[in-house]
Amino acid sequence: MASPPPPSPRSLNQLQTSLQTALRTEDYSSAAKLRDEIKSLYPSAPTVFTFSSPPLPSWLASRVPSLTKYDPTLKSPIPSFPSPTLLQSSLLSSPFSAVALSRSVTIHAPPGSGKTLAAYLHVLTVLDYSLRERCGDRLKSLTKSSLASISASKLQAFSSPSITSSIESALPPPSAIPGSKQPPLALFLVPTPALAVQQSLLAYELLGGKVRAARGEGEHAYDEWVPGDPSNAFRYEGPRGVRLSCYFPDDPPLPDVTDILITTPEGFSSLLSSSPEVFEEVEAVHLDEPDSILSPSISTALRFLFARTFPTVTVTGGTVSFPPLNSLLPKPLLYVTETSHTTELPSTDKNVLPLRGLTHKFCRTSSATPPTLTLVRLLRAMKAEDPSTRAMVFFPDEPALTAATPKVRDALWGDFKLSALKQSTGLDPLRSLDDFKTQRSDLLLLTAESGRGLDFPGVTDVLVTYSPTFEDYVHVAGRCGRMGQEKPGCVTSVGGEAVGVNVKGVGEVYGFGVEDVPEPGAGLDVEGVMKKVAEWGEDNWEGGEDLDKVRRYLEDVNKLVD
Ligand SMILES: Nc1ncnc2c1ncn2[C@@H]1O[C@H](COP(=O)(O)OP(=O)(O)OP(=O)(O)O)[C@@H](O)[C@H]1O
């Protein structure tokens, strides 16, 4: 059997994050070294150093670098997007304004490389004229009809962007817009409701909104409303009052005025059958992760839509099967990767991208130890070695996730704060996501399906408890080691022999080696300690720590062994 390939180089995501940190902290000598390292690894990659490059409308070019995000280790917010990633650079330096503005762009890059922002930049550039015209007309008609009576706060609410969603209540409700119907100009199709909400918040901020939240704890506490914050609405020059809607099946009807619709394939199908007129003015369509959203019926519906409204189509994917996509998309196509932009059709069916910079491990569970016990022991060992461990554990489906959650929560009490993302049965999936995102929890249990495309800061470890498809492995592994994270990511598969064979198979296709790690034991001589405790009596026992370990061992056996 072929020996495993050498370990991947330091991840591009990590290098770019370190470069942005060096620039922010004005450490220019490190910045120069990092820039040279990136250049030597990707000599032919097109580079654009700022968002102020020609294809972006000026309001968007100034908005993007002004947005800020929370970093738990710092007192004040830091820029979310100080400069383009290599992928965004590649898109910005491509002839997208000339070739692809009225056609399609496929953006294909590894997880965590900044595809989402790239897609929104592209779609908002395509919509620039129509959005400004629509929003400008709405404001004009409001001020004309009621300028004398309109209050400053009403005007402000009207000219701020808004999100309508049945599952997101953190933002103020949109003010009513009098007058005729204005159906969506853009349709975003994403795999899950959670991802739709996550993306709508990005779009909301790009379009002049600010997601207000008290962040941080103790000495790091601050309110995101910072006086003079460059991302506040006063400095925003783009279209005002854009209406975003996240729509899901069984939601109330879509608001009459919706400029941008973000939905799942199920939401799209349900709208298409109940009110097809909603799609009559669509100028731009974004398909996120085509491999997971394009069923035959969705493809047929989209083909019909493309033939009627001739939209520009933007596709983003970490894994992309090209033949079905190419037969669906309007021509000509532009293919953008981190290192190239080309109109040449990719020669392979699936463009395989390296999963750089991640460590991949396999822990084989013996038949004597239940997998959940091994999982718990692994997580404990990770936390003991590095208290900043933040982990995501993937289960094959919701029943397996639901069965494991209470056991893992009890067993790891005191080690981890746990959230579980149960898409269909959970009480509040968004609450779980928010807890993990804002670092109120440091362990998230979920399924590959519900975790598609979700972005969390600082995830050091991903644990996989089953044999995913090769594509799913790429997606779940890609939840750690993302842009914005300097710590390396580690993916550990836990299970029987078949799980090991599967992950090693993925490694052969994607070019990474898999390290075998031993199953963690109880960490003590249980029988020896029990014997001594029996001899000495519990009250006279002096090896206190060992006794605690024995107690924990017995608790684990009770809770985790079925
Ligand atoms: N220019 C930038 N500078 C700094 N951080 C960025 C930049 N662009 C994106 N990011 C951050 O990088 C992280 C990953 O981005 P994003 O979620 O777009 O990745 P992706 O390629 O869509 O991943 P996936 O395939 O998992 O969906 C996010 O936290 C995002 O905010």
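Heavy atoms only: backbone and side chains are in, while hydrogens, waters and symmetry mates are out.
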| Taking atom OG of S130 and atom CG of D128, what is their separation to the nearest 0.5 Å? | 8.5 Å
| remark: Closest non-hydrogen contact found for H341 with S93 is NE2-O, 3.5 Å
| Which value, rounded to the nearest 0.5 Å, describes the distance between T339 atom OG1 and L87 atom CG? | 9.5 Å
| Distance (rounded to the nearest 0.5 Å) between T192 OG1 and Q198 CD | 8.5 Å
| So, does R138 use its side chain to make a donor-acceptor pair with the main chain of G241 at under 3.5 Å? | yes
| Between the side chains of Y510 and H360, is a donor N or O closer than 3.5 angstrom to an acceptor N or O? | no
| request: Output yes when a side-chain donor or acceptor of T264 lies under 3.5 Å from a complementary backbone atom of P193, and no otherwise. | output: no
| said: The test is side-chain contact (heavy atoms from CB on, under 4.5 Å); show your working for L454 and L421 and say whether it passes. | reply: CA-CA 11 Å; L454 291 178; L421 175 60; 3.8 Å; yes
| query | Judged by atom type as modelled, is there a donor-acceptor pair below 3.5 Å linking the side chain of T85 to the main-chain atoms of S113? | reply | yes
| request: State the CZ-OG1 distance between F279 and T309, to the nearest 0.5 angstrom. | output: 10.0 Å
| Does Q88 use its side chain to pair, donor to acceptor, with the backbone of G114 at less than 3.5 Å? | yes
| field | Side chain T21, main chain T17, donor-acceptor under 3.5 Å | value | yes
| message | When you compare the side chain of L325 with that of L333, does any pair of heavy atoms fall below 4.5 Å? | response | no
| Min side-chain heavy-atom separation L206-V64 under 4.5 Å | yes
| message | Between P82 and R24, is there a side-chain heavy-atom distance shorter than 4.5 Å? | response | no
| request: Specify the closest pair of heavy atoms between A186 and L127, including all atoms of both residues, with the distance to one decimal. | output: CB-CD1, 3.5 Å
| said: Please evaluate residues T258 and T164 with respect to the criterion side-chain contact (heavy atoms from CB on, under 4.5 Å), reporting the C-alpha separation (whole Å), side-chain torsions for both, the decisive distance (0.1 Å), and the verdict. | reply: CA-CA 9 Å; T258 297; T164 306; over 6 Å; no
N/O donor-acceptor pairs under 3.5 Å from side chains in residues 455-462, not counting sequence neighbours:
residue, atom, partner, partner atom, Å
D455, OD1, R482, NE, 2.8
D455, OD1, R482, NH2, 3.2
T460, OG1, R390, N, 3.0
T460, OG1, R390, O, 3.1

| task | Compare every heavy atom of L446 with every heavy atom of S450, then report the nearest pair and how far apart it is. | result | OG-CB, 3.9 Å
| remark: For C135 and R240, the nearest pair of non-hydrogen atoms, with its separation, is CB-O, 3.1 Å
| query | So, the side chain of T342 versus the backbone of Y335: is there a donor-acceptor pair under 3.5 Å, distance only? | reply | no
| said: Quick check: do L23 and Y28 have side-chain heavy atoms less than 4.5 Å from each other? | reply: yes
| field | Minimum-distance pair of heavy atoms, taken over all atoms of D288 and T316 | value | OD1-OG1, 3.2 Å
| task | Run the numbers on V464 and V503 for side-chain contact (heavy atoms from CB on, under 4.5 Å), then give the verdict. | result | CA-CA 10 Å; V464 190; V503 64; over 6 Å; no
| query | P311 versus F306: any side-chain heavy-atom pair under 4.5 Å? | reply | yes
| request: Give a yes or no answer on whether the side chain of E280 reaches the backbone of P183 with a donor-acceptor pair at less than 3.5 Å. | output: no
| R63 side chain to E205 backbone, donor-acceptor under 3.5 Å | yes
| said: What's the separation between atom CZ in F51 and atom OG in S89, rounded to the nearest 0.5 Å? | reply: 8.5 Å
| task | Applying side-chain contact (heavy atoms from CB on, under 4.5 Å), run through L302 and L294 and close with a yes or a no. | result | CA-CA 9 Å; L302 286 173; L294 290 183; 3.6 Å; yes
| Is there a donor-acceptor contact under 3.5 Å from the side chain of T50 to the main chain of S52? | yes
| query | Does a side-chain heavy-atom distance below 4.5 Å link L463 with M382? | reply | yes
| query | So how far is it from L187 CG to E283 CD, rounded to the nearest 0.5 Å? | reply | 13.0 Å
| query | Any donor and acceptor pair, going by atom type alone, linking the side chain of K115 with main-chain N or O of A109 inside 3.5 Å? | reply | yes
| query | Hey, does L207 have a side-chain heavy atom less than 4.5 Å from the side chain of Y236? | reply | yes
| remark: The residue among F81, Y204, F188 that forms ring-ring contact (aromatic ring centres under 6.0 Å, His included) with Y120 is F188
| said: Can you confirm whether L131 sits close enough to D259 that some side-chain heavy atom of one is under 4.5 Å from a side-chain heavy atom of the other? | reply: yes
| request: For residues P290 and V315, report the shortest heavy-atom separation together with the two atoms involved. | output: CG-CG1, 3.6 Å
| field | K33 NZ: over 12 foreign heavy atoms closer than 6.0 Å | value | no
